[in-house]
Colleague: 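Below is a structure I'd like to ask you about.
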Amino acid sequence: MLTLKQITDNTDDVIRRLAKKHFDGKKLIEQVIEINSKRKNTQSVLDANLAELNNISKTIGALMKDGKKDEAEAARAKVADMKEGNKQLEADMKEAEEMLITILCTIPNLPHESVPEGKHAEDNVVEKTGGKMPDLGADALPHWELAKKYDLIDFELGVKITGAGFPVYKGKGARLQRALINFFLDNAREAGYLEIQPPYVVNTASGYGTGQLPDKEGQMYHANLDDLYLIPTAEVPVTNIYRDVILDKKELPIKNTAYSACFRREAGSYGKDVRGLNRLHQFDKVEIVRIDTPEHSYESLTEMVDYVQTLVEKLELPWHILRLCGGDMSFTSAITFDFEVFSAAQKRWLEVSSVSNFESYQANRLKCRYRNEDKKTELCHTLNGSALALPRIVAALLENNQTPEGIRIPKALIPYTGFDIID
RNA sequence: GGUGAGAUGGGUGAGUGGCUGAAACCAACAGUUUGCUAAACUGUCGUACGGGUAACUGUACCGGGGGUUCGAAUCCCCCUUUCACCGCCA
């Protein structure tokens, strides 16, 4: 969520920037300012009352010792009176604080100045393109048919065991998954990321910390009995490592990477877009997460984007990077670059990575801070990105590398798969 | 799952209901001394939200939430969690 300081110091600027996300924040911002000033006034009165109360309480002890019972009784009565009045003030404070958080949670992050205007995915700007488009014949098969032909992935079996969107990988299909995970983790480690193996279920506090709760509750699987959520991405447990933490500036930037299975309910989307591996309820992903200072976070963002580029290049996939427009960006992001790879038989671009800087928006909720040179605590910036999500990479690898002899494995991956062709 | 003992600042750890936002030690930081290092000495050393240009100052917080009391780190209740032993178990 945005900080009160951001809102009170640069009110007009905040409203203007929210408009880029097609969010009309004028009323809410005004409301925040009003409630906040009320909160301050209430606190001033309440603090003064409490100070007096504390003083009187101290004198009661002394009076009792001196045997001045009457005076002590009088003071006691007065205190009882004041406490009644404070109850209302305390309730007001609590209400104001809760209201502020509730409203702040409904206001999205401010887009960075460099975010392009636009409403939909079509308005995203192609930032960079690379790789070679494969030249497939007219009889090229989509990945779900290749998966069947070579017995790599069994979608129907997943339906039997669990339901749609939970595929079963078999043989070289399963080994390809394992190879990609290791390939991504090894690359991340070589790029300086610390490997983390986090829990796949998290509590509600963590859900709030990274902003899945309260609004996106329906997107996570929930274990009712224990009130725990299956993670939709490793970002959730890994970023929550730094919840309620004050870091030393020397530790920044923190660079973590984690593989996890990801679970997404994604209710209500069916059809061609979700065919095969295009959209799943359970999938594998290696995530990179950074915690950084505000001064350095955009440099970190560039490094992360460049790093992801090396991955798609090593996999020899045709790729491009999109700078997302204001309307297509996520609620919590200040700037997002999407990586898409071209899936040649489907003839469509598939999103395989999303690299974002959340600036202090997420850190504010997490209370993730660092101590600056003046020993003052300041909110960190948080960033994360997929590096990479497996299913669509697999889809593109299968489709783009199909030959009459079989499916060729890119050179960089062969040491991990242990085979160079799927036939 | 059962029983018992715990949870205090970055760490260790003290704390008869008022003199405790919290001893002491360690770590850290700044300085003095010193040819360098070390040692010694001096000082600083939790967070949040208010007030104040500032020095400073008010309030809240001793795992979390309630309660008792004029007053709670301290007493009571609930929850979480750690450790030990028992039970179960890959």
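A note on names: the letters A, B, ... follow the listed sequences, proteins ahead of strands, and every chain is numbered from 1. Side chains are part of it too, since the values below use all heavy atoms of this structure and drop only hydrogens, waters and symmetry mates.
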Colleague: Take atom P in B:rA30 and the same atom in B:rG21, then report the distance between them in whole Å.
Modeller: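 So the two P atoms sit 31 Å from each other.
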Colleague: In terms of the angle between their ring planes, are A:Tyr193 and A:Tyr307 parallel, tilted or perpendicular, with boundaries placed at 30° and 60°?
Modeller: tilted
Colleague: For RNA chain B, what is the dot-bracket line, given that a base pair needs Watson-Crick (N1 to N3, plus N6-O4 or O6-N4) or G-U wobble (N1-O2 and O6-N3) geometry with both distances under 3.5 Å, and | means paired with another strand?
Modeller: ((((((((.[[[..)..(.....]]].(((((.......))))).((((((....)))))).[[[[[..)....]]]]])))))))....
Colleague: Quick test of your reading of the model: are A:Lys94 and A:Glu90 salt-bridged, counting only N-O distances below 4.0 Å?
Modeller: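 No.
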Colleague: Which letter, B, S or -, goes with each nucleotide of nucleotides 47-72 of chain B from 5' to 3', with contact meaning a protein heavy atom under 4.0 Å?
Modeller: SSBSS------BSS---------BS-
Colleague: Could you check whether A:His381 and A:Tyr298 have their ring centres less than 6.0 Å apart?
Modeller: no
Colleague: Do A:Asp284 and A:Gln177 get their side chains close enough for a donor-acceptor pair, meaning under 3.5 Å?
Modeller: yes
Colleague: Under 4.0 Å between a side-chain nitrogen and a carboxylate oxygen: does that hold for A:Lys149 and A:Glu145?
Modeller: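 No salt bridge links A:Lys149 with A:Glu145.
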Colleague: Could you work out the separation of B:rA60 and B:rU34 based on their P atoms and round it to a whole Å?
Modeller: 49 Å
Colleague: B:rU42 and B:rU33: how far apart are their P atoms, nearest whole angstrom?
Modeller: 15 Å
Colleague: What interatomic distance, in whole Å, is found between C1' of B:rU53 and the corresponding atom of B:rA48?
Modeller: 23 Å
Colleague: Taking atom P in both B:rC83 and B:rU12, what distance in whole Å separates the two?
Modeller: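 Straight-line distance between the two P atoms is 14 Å.
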Colleague: Using atom P in both nucleotides, what's the gap between B:rA24 and B:rG43 to the nearest angstrom?
Modeller: 12 Å
Colleague: Checking side-chain polar atoms at under 3.5 Å, does A:Thr382 have a donor or acceptor matched by the opposite partner on A:Gln362?
Modeller: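 Per modelled atom types, A:Thr382 and A:Gln362 side chains form a pair under 3.5 Å.
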Colleague: Does a donor on one side chain and an acceptor on the other come within less than 3.5 Å for A:Ser300 and A:Glu303?
Modeller: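 Result is no, nothing qualifies.
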Colleague: Please report, rounded to the nearest Å, how far the P atom of B:rG46 is from the NZ atom of A:Lys376.
Modeller: 14 Å
Colleague: Taking the same atom, P, in B:rU20 and in B:rA72, what whole-Å distance lies between them?
Modeller: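 The answer is 16 Å between these two P atoms.
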Colleague: Which whole-number value in Å describes the distance from A:Lys250 NZ to B:rG10 P?
Modeller: 16 Å
Colleague: Is the backbone of A:Ala345 close enough, under 3.5 Å, to the side chain of A:Glu399 for a donor and an acceptor to pair up by distance?
Modeller: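 Yes; at least one donor-acceptor contact below 3.5 Å.
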Colleague: May I ask you to test the A:Tyr370-A:Val245 pair for a side-chain heavy-atom distance under 4.5 Å?
Modeller: no
Colleague: Between B:rG50 and B:rC76, how far apart are the C1' atoms? Round to whole Å, please.
Modeller: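 B:rC76 and B:rG50 have their C1' atoms separated by 33 Å.
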